[in-house]
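Note sheet for the following structure.
Scope of the values below: all heavy atoms of this structure, side chains included, with no hydrogens, waters or symmetry mates.
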Amino acid sequence: MHSAPTSRSGGGIVSVLAVAGIVGSLMQTLVVPLIGELPRLLGAGAADTSWVITATLLVGAVATPVVGKLGDLYGKRRMMLACSVPLIAGSVVCALAGSLIPMIVGRGLQGLGVGMIPLGVSALRDLLPPQRVGPAIALMSSSMGIGGALGLPISAAVAEYADWRMLFWGSAALSVLVAVLIWLLVPATPAHGRGRLDVTGALGLGIALVCLLLGVSKGAGWGWGSGTTLGLLGTAVVVLLLWGLWELRALDPLVDLRTTARPQVLLTNLASILVGFAMYAQSLVVIQILQLPEATGYGLGQSMLAAGLWLAPSGLMMMAVSAPGARLSAARGPKTSLFAGALIIALGYGAAFGLMGSAWGLMIASSVGNIGVGLAYGAMPALIMSAVPQSETASANSFNTLMRSIGTSVSAAVVGVILSQLTVTMGGHVLPSESGFRTALLVGCGVALAAALVTLALPKPRHPAESAPSPIRPPAAVPAPAASSSAVPVPVSPVPVAPAEPPVTQVWPPVPVRIGHEELGPWRDAFRPPAQIPAPHPDDAGLRAENATLRTENAELRAANTDLRAENDELRKDLDVLMRGLSAWVHNLAQKTG
């Protein structure tokens, strides 16, 4: 039976995990408004202070697959609580930092908290009944975009109107709140994995990722043809090859590459890289156009706070699309949702290409693009978890999250190269040109279309009965039938049985066979020839009791479904009120800024 909790509210579990996802993703954009001020605040150069962002990226990328594997081995709730500790400690260290080194250390500790997001997505499979897993995954996945979109205006407002240290004290308070909520409301999750952590594999993957992401993120500043950049990228390739050979031979690999090589998992991860690229490229282009001075002819002259507020609705759209996306995945499969999401992202790029002359136009384009991101991000975990065993869900989801991070890192590098090559000079300053922005938008649109093509190559979903292995039955002693033209022939087991051995008797009712969330008991014999069906045991009280239990559970599931619909209607009404208020507020802001 499914291991869904019965004593705690499923809605409470989903809400807590969604908040954890928002807080984890919030750490990515927390210091963006401070980038220009960090050299003055920390007494260091601009190149050195860029490590405040890079440290979180590198530590999060290295820690995510390791934390996912530990979640499979020791339980996902336990590891989510463990991730909250460095998140809290890192926030406190940053709040107290007065120089560069403590700030980088604190930001690195915050990067360890990013692992809570894939752990939360994987825990939903263990904690919720089957009919609620899809909508919950979609909401949890959308929380990542919501945290990133809302984090920018919140951070900008705090940095502009309060002490910058309040950003980190606030993140520390939120992290403590998340840890307490997980402790109180999220039940313990079973440890499905076996074996132990592959320390050698973790070190090898960590070295390869650090070299790869460092070369990609710093290549523009160091020079793409410099020895440092080429050496890092070359080292990453060599170490990745050696790491792959080690993982194929390890008894308890960090990442099961054979499972990762399955077409559905492999193509989903490839699509994740492309979707991550497309999502981040649009964000990079839109935020810069909003903030460039109007004297350029294409910049909109918005402040950091105003630009963040213009982009805030796009994050809310990701939450709004989570429920419809889950229904689409339930009706047509997550492959359809991922394909539709990629096409909508491309449509968002097209809208940005035509509406980049106004702030409201960019808000619409960004919202359209994030609708596609919400659909795609909600479908990816479902595709991954349907193709891997339950003992590897956290590890597989963490690896998928890593693929998205690689996509965003490559996106930053590619967009940076495009905008640095296509520039204009105004007032002694070199700025990205309008043609550079349009070229970046075209590249992002092409990548989104490539993600849609990759999605088309995903294998068609199979019916659970087709993918389940046939139960192995022991050979039963069957008396020889009398010679008759109407007799049903009975197949004889090809395995020879010694005459001295006692015959193996058939147990009735048969042991149920797990197929997804369904169980097949005696009904698996419904289409077998009558001569092959063993006679039922006279005492079938146990079967009647099991049937009564299933009826009771079915009634409970119907009641839970009714409650879920009522909650969904209430949330939809609240969201409608919120969106109308936000639209009116943005309209008033546009009139004031105009």
Considering all heavy atoms of both residues, which atom of T235 and which atom of C211 are nearest to each other, and what is their separation? CG2-SG, 3.8 Å
Find the distance between CG (L343) and CG (L347) and round it off to the nearest 0.5 Å. 9.0 Å
Can you check whether F353's main-chain N or O pairs, donor with acceptor, with R438's side chain at less than 3.5 Å? yes
Does S366 use its side chain to pair, donor to acceptor, with the backbone of M363 at less than 3.5 Å? no
Say whether, by atom type as modelled, one donor and one acceptor occur between the side chain of S386 and the main chain of L383 under 3.5 angstrom. yes
Do side-chain atoms of S411 reach the backbone of G407 as a donor and acceptor pair under 3.5 angstrom? no
Answer with yes or no whether the side chains of S50 and K218 bring together a donor and an acceptor at under 3.5 Å. yes
For side chain to side chain contact (heavy atoms under 4.5 Å, CB included), just list the numbers for N397 and M385, CA-CA rounded to whole Å, side-chain angles, deciding distance to a tenth of an Å, and then say yes or no. CA-CA 8 Å; N397 271 322; M385 289 195 289; 3.5 Å; yes
Search all heavy atoms of L205 against all heavy atoms of P65 and return the closest pair with its distance. CD2-CG, 3.6 Å
Run the side chain to side chain contact (heavy atoms under 4.5 Å, CB included) check on W243 and V255 step by step: do they pass? CA-CA 10 Å; W243 172 79; V255 179; 4.1 Å; yes
Closest contact, heavy atoms only, F437 versus P432: CZ-CB, 3.7 Å
Hey, does the side chain of T64 reach the backbone of G60 with a donor-acceptor pair shorter than 3.5 angstrom? yes
Test side chain to side chain contact (heavy atoms under 4.5 Å, CB included) on R404 and I273 and set out the steps. CA-CA 5 Å; R404 302 183 205 178; I273 296 175; over 6 Å; no
Please check if the side chain of D252 supplies one atom and the backbone of D198 the other of a donor-acceptor pair under 3.5 Å. no
How far does CE of M356 sit from CG of L362, to the nearest 0.5 angstrom? 7.0 Å
Run the salt-bridge test on K76 and D126 with the 4.0 Å N-O cut-off and return the result as yes or no. yes
Treating S420 as the side-chain partner and V417 as the backbone partner, does any N or O pair qualify as donor plus acceptor under 3.5 Å? yes
Whether N370 side chain and S314 backbone form a donor-acceptor pair below 3.5 Å: yes
Closest heavy-atom pair, M27 versus S171, reported as atoms and distance to 0.1 Å, is CE-CB, 3.5 Å
Just wondering, more than 12 heavy atoms not from R78 lying within 6.0 Å of its CZ? no
Donor-acceptor pair between T229 and S226 side chains, under 3.5 angstrom: yes
Just how far is it from atom CG of L338 to atom CG of L458, taken to the nearest 0.5 Å? 6.5 Å
Can Q110 and S91 be counted as having a side-chain donor-acceptor contact under 3.5 angstrom? yes
Quick check: do S84 and S175 have side-chain heavy atoms less than 4.5 Å from each other? no
At what distance, to the nearest 0.5 angstrom, does OG of S398 lie from NZ of K69? 11.0 Å
Should P118 and N400 count as side-chain neighbours, where that means a heavy-atom distance under 4.5 Å? no
Side chains of V238 and L242 in contact at under 4.5 Å (non-hydrogen atoms): yes
Using the side chain to side chain contact (heavy atoms under 4.5 Å, CB included) rule, take V265 and F399 through it: C-alpha gap first, then chi angles, then the decisive distance, then the call. CA-CA 10 Å; V265 180; F399 194 75; over 6 Å; no
Are P313 and S367 side-chain neighbours, meaning at least one heavy-atom pair lies under 4.5 Å? yes
Within 6.0 Å of CH2 in W246, more than 12 heavy atoms from elsewhere: no
Grab the two heavy atoms, one from L17 and one from G120, that are nearest each other, plus how far apart they are. CD1-O, 3.6 Å
Taking the side chain as C-beta and beyond, is there a heavy-atom pair between L124 and V14 under 4.5 Å? yes
Judged by modelled atom types alone, do S337 and S329 share a side-chain donor-acceptor pair under 3.5 Å? yes
Rounded to the nearest 0.5 Å, what's the gap from OG on S272 to CG on L402? Could you check? 10.5 Å
Is it the case that more than 12 heavy atoms not belonging to F168 sit under 6.0 Å from its CZ atom? yes
Side-chain contact, heavy-atom cut-off 4.5 Å: L174 with L26? yes
Would you compute the distance between atom SG of C83 and atom CD1 of I88 and round it to the nearest 0.5 angstrom? 11.5 Å
V239 and G204: which non-hydrogen atoms are nearest, and at how many Å? CG1-O, 3.4 Å
Do L233 and V216 have side chains that get closer than 4.5 Å, going by heavy atoms? yes
Indicate yes or no: at least one non-hydrogen side-chain atom of V67 is less than 4.5 angstrom from one of M80. no
Check: Y349 side chain, I344 main-chain N or O, donor-acceptor pair, under 3.5 Å: no
